[in-house]
Amino acid sequence: MSEHGDSTPTPLLRIVNPDATAEEVAALVAVLSSIGGPPPTPARPRRVWNAPYRQVRVAYSHGPGSWRGSGLPR
């Protein structure tokens, strides 16, 4: 709020040079708007230990040696 108690917000940008042209003001606004806000937060790394594809079991074939193949890494 301002000093007089009215509800008009204070401006974010105030031009103090009365001789500023429209192009100068536009250039100033463009530069200030390109600065932007805080940097974006980085994406969280994806955790693989609880991924849905790890919960699917592989169907092993029946037959001689299948018990040995079930314990070996793929």
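Atom set for the values below is all heavy atoms of this structure, side chains included, hydrogens, waters and symmetry mates excluded.
Partners of V48 by side chain to side chain contact (heavy atoms under 4.5 Å, CB included), not counting sequence neighbours, listed by chain and number: Y53, R54. Take T21 and apply the side chain to side chain contact (heavy atoms under 4.5 Å, CB included) test, not counting sequence neighbours, and it matches E23, E24.
Criterion: ILVMFWY side-chain heavy atoms under 4.5 Å apart, direct or through other members. Under it, I35 and V25 are part of a common hydrophobic cluster.
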